[in-house]
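Just so it is clear, the model here is predicted, and its values are computed rather than measured. Values below: all heavy atoms of this structure, side chains included; hydrogens, waters and symmetry mates excluded.
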Amino acid sequence: MYRMISFLLSAAVMFSSTGCVGHAAALPEPQLKAPAATVPLQENPAESSAPDSAPEAEEPEEPYVRVIDPAKPMLALTFDDGPHETYTGQILDILEANHAVATFFEIGCNVAKYPAAVVREAELGCEIGSHSNVHKNLSKLKANALLEDLAAADAAFTAAGVPAPNLVRPPYGEVNKTVRTTTGRSLITWNIDTGDWRTKDAQKIISYVQGLENLNGAVVLMHSIYESSVQAAAALVPWLQEQGYQLVTVTELMAYYHGELPQPNTLYGYTYFCKSRTDTPLTLPVSPAEEEAVPEA
């Protein structure tokens, strides 16, 4: 009896298992959980806020004021034939970086092309002179043609926004009686020619100037239309200052070194600029800012 009951129970279990295999519901595929997004660490609000003590505000740098000492050595760098599209600006960059000035004798037709250059020259305290309108030899022109040429150059300067110059550097340094007596301008040449127009070699220009024994009171001729002249200026400007020379304009040199101002229909050339220093320097008008910078005696 008991054996019969056990047999029936075993048969029932086997039948139930077979049915499950045949009709089992498909289990859902496991779902992959997307990785959690990486969240950047949040700064501590207390740490990310303003620092405990705000940095001290820097005092604005006072503008540099150039003051000329008549008792110290000085010279005037001059640049002819510009303005140039590129090189004039580079020369001005050099001067500005070294708190220096120069005198630029510009050609009228070039001023008409690059008026911004002469405006910047004036803004930096440089002096602007005329080098004629188209670089003609003025000594070969009749009086009317000479005056027409300078008037055309004047028109270019005034159109650029700077006054017509009172200083004229005759092209090639050529001056005759007509040029000397009819322009109504001060005629400025030089007493040191760097030869940059001839060599176009920066190292030769630098070596020549550095080899001169005394540059005090000199008017130095260079040109703003050669890359080699820019390279030479980049070396010479700081070097001259290291030697103790003040870089001044032609008019400043005449006032502080020679004790006079440029006069109309007068030639100032090699002989003039080789003269000894005066004992009675002039004092040019200065701005209020420059007056404050002058040390009290």
Q | Value rounded to 0.5 Å, distance of CD in Q210 from CD in Q203 | A | 7.5 Å

Q. Ion pair present between K136 and D149, side-chain N to carboxylate O less than 4.0 angstrom?
A. no

Q) For the side chain of E213 and the backbone of G211, is there at least one donor-acceptor N/O pair under 3.5 Å apart? A) no

Q.
Distance check, rounded to the nearest 0.5 Å: H84 atom NE2 versus S229 atom OG?
A. 10.5 Å

**Q.** Where A102 and C126 come nearest, the two heavy atoms and their spacing
**A.** O-CB, 3.2 Å

**Q.** E106 side chain to V118 backbone, donor-acceptor under 3.5 Å
**A.** no

Q. Of all heavy-atom pairs between P170 and V175, which one has the smallest distance, and what is that distance?
A. CG-CG2, 3.5 Å

Q: For the pair W197 and D80, evaluate side chain to side chain contact (heavy atoms under 4.5 Å, CB included) and give the outcome as yes or no after the intermediate values.
A: CA-CA 10 Å; W197 55 273; D80 287 9; over 6 Å; no

**Q.** Pairwise side-chain contact, V209 with L215, heavy-atom cut-off 4.5 Å (strictly under)
**A.** yes

Q. What are the two closest heavy atoms between V119 and A160, and how far apart are they?
A. CG2-O, 3.2 Å

(Q) Is it the case that atom CG in N166 sees more than 12 heavy atoms from other parts of the structure closer than 6.0 Å? (A) no

**Q.** Single-linkage hydrophobic cluster L167~I107, side-chain heavy atoms < 4.5 angstrom
**A.** no

(Q) Could you measure the distance from the CZ atom of R185 to the CG atom of N265? Nearest 0.5 Å is fine. (A) 10.0 Å

Q) For N144, does the CG atom have more than 12 heavy-atom neighbours from other residues, nucleotides or ligands under 6.0 Å away? A) no

(Q) Using only atom types and a distance under 3.5 Å, with no angle test, would you say the side chain of S186 pairs donor to acceptor with the backbone of Q263? (A) yes

Q) Do side-chain atoms of E96 reach the backbone of L124 as a donor and acceptor pair under 3.5 angstrom? A) no

Q: Please test L141 against T178 for side chain to side chain contact (heavy atoms under 4.5 Å, CB included), starting from the C-alpha separation and ending with a verdict.
A: CA-CA 9 Å; L141 300 180; T178 302; over 6 Å; no

Q | Single-linkage hydrophobic cluster, 4.5 Å side-chain cutoff, L221 and I225 together | A | no

Q) Does some side-chain heavy atom of P165 sit less than 4.5 Å from a side-chain heavy atom of D154? A) yes

(Q) So Y257 and E252, do their side chains get closer than 4.5 Å, heavy atoms only? (A) no

**Q.** Pairwise side-chain contact, Y226 with Y87, heavy-atom cut-off 4.5 Å (strictly under)
**A.** no

(Q) Just verifying a value: how many Å separate L75 CG and I192 CD1, rounded to the nearest 0.5 Å? (A) 7.5 Å

Q: Give a yes or no answer on whether the side chain of S139 reaches the backbone of E174 with a donor-acceptor pair at less than 3.5 Å.
A: no

(Q) Looking at every non-hydrogen atom in both residues, tell me the closest pair between A117 and P83 and how far apart they are. (A) CB-CB, 3.6 Å

**Q.** Atom NZ of K275: over 12 foreign heavy atoms under 6.0 Å
**A.** yes

Q) Out of curiosity, T181 OG1 to L187 CG, how far, rounded to the nearest 0.5 Å? A) 9.5 Å

Q. Checking side chain to side chain contact (heavy atoms under 4.5 Å, CB included) for the pair M74/R277: CA distance, chi angles, key distance, verdict?
A. CA-CA 10 Å; M74 64 184 73; R277 182 197 296 268; 4.2 Å; yes

Q) Between N110 and H131, is a side chain to side chain contact (heavy atoms under 4.5 Å, CB included) present by the stated rule, with each step listed? A) CA-CA 10 Å; N110 290 339; H131 199 37; over 6 Å; no

Q) Minimum heavy-atom separation for P115 to A112, with atom names? A) CD-O, 3.7 Å

Q: Using the rule that two of Ile, Leu, Val, Met, Phe, Trp, Tyr join whenever any of their side-chain heavy atoms come within less than 4.5 Å, decide whether F104 and V101 are in one cluster.
A: no

Q.
Please report the interatomic distance NZ(K140) to CG(L138), rounded to the nearest 0.5 Å.
A. 11.5 Å

(Q) What I'd like to find out is whether the side chain of I206 reaches to under 4.5 Å of the side chain of W239, using heavy atoms alone. (A) no

Q. Taking atom types as modelled, is there a side-chain donor on Q90 or T86 under 3.5 Å from an acceptor on the other?
A. no

Q: Just say parallel, tilted or perpendicular for the rings of Y272 and Y268, cut-offs at 30° and 60°.
A: perpendicular

Q: For residues V248 and R66, determine if any side-chain heavy atom of one lies less than 4.5 Å from a side-chain heavy atom of the other.
A: yes

Q.
Taking L150's backbone N and O only, do any of them form a donor-acceptor pair with N133's side chain (distance below 3.5 Å, no angle check)?
A. no

(Q) Side chains of V237 and L77, heavy atoms from C-beta outward: is any pair under 4.5 Å? (A) yes

Q.
Between D81 and R169, does any side-chain N to carboxylate O distance fall below 4.0 Å?
A. no

Q | ILVMFWY cluster, F79 and L253 together (side-chain gap under 4.5 Å) | A | no

**Q.** For the student: nearest non-hydrogen atoms of S224 and T88, plus distance
**A.** OG-OG1, 3.7 Å

Q. Under 30°, 30 to 60°, or over 60°: which ring-plane class applies to H135 and Y172, parallel, tilted or perpendicular?
A. perpendicular

Q) Is there a chain of hydrophobic side chains (I, L, V, M, F, W, Y, each step under 4.5 Å between heavy atoms) that links L146 to L267? A) yes

Q: Answer yes or no: does atom NZ of K200 have more than 12 heavy-atom neighbours from other residues, nucleotides or ligands under 6.0 Å?
A: yes

Q) Taking C-beta and beyond as the side chain, do Y270 and T189 meet within less than 4.5 Å on heavy atoms? A) no

Q: Could you tell me whether a side-chain N or O of D196 sits under 3.5 Å from a main-chain N or O of H223, the two making a donor and an acceptor?
A: yes

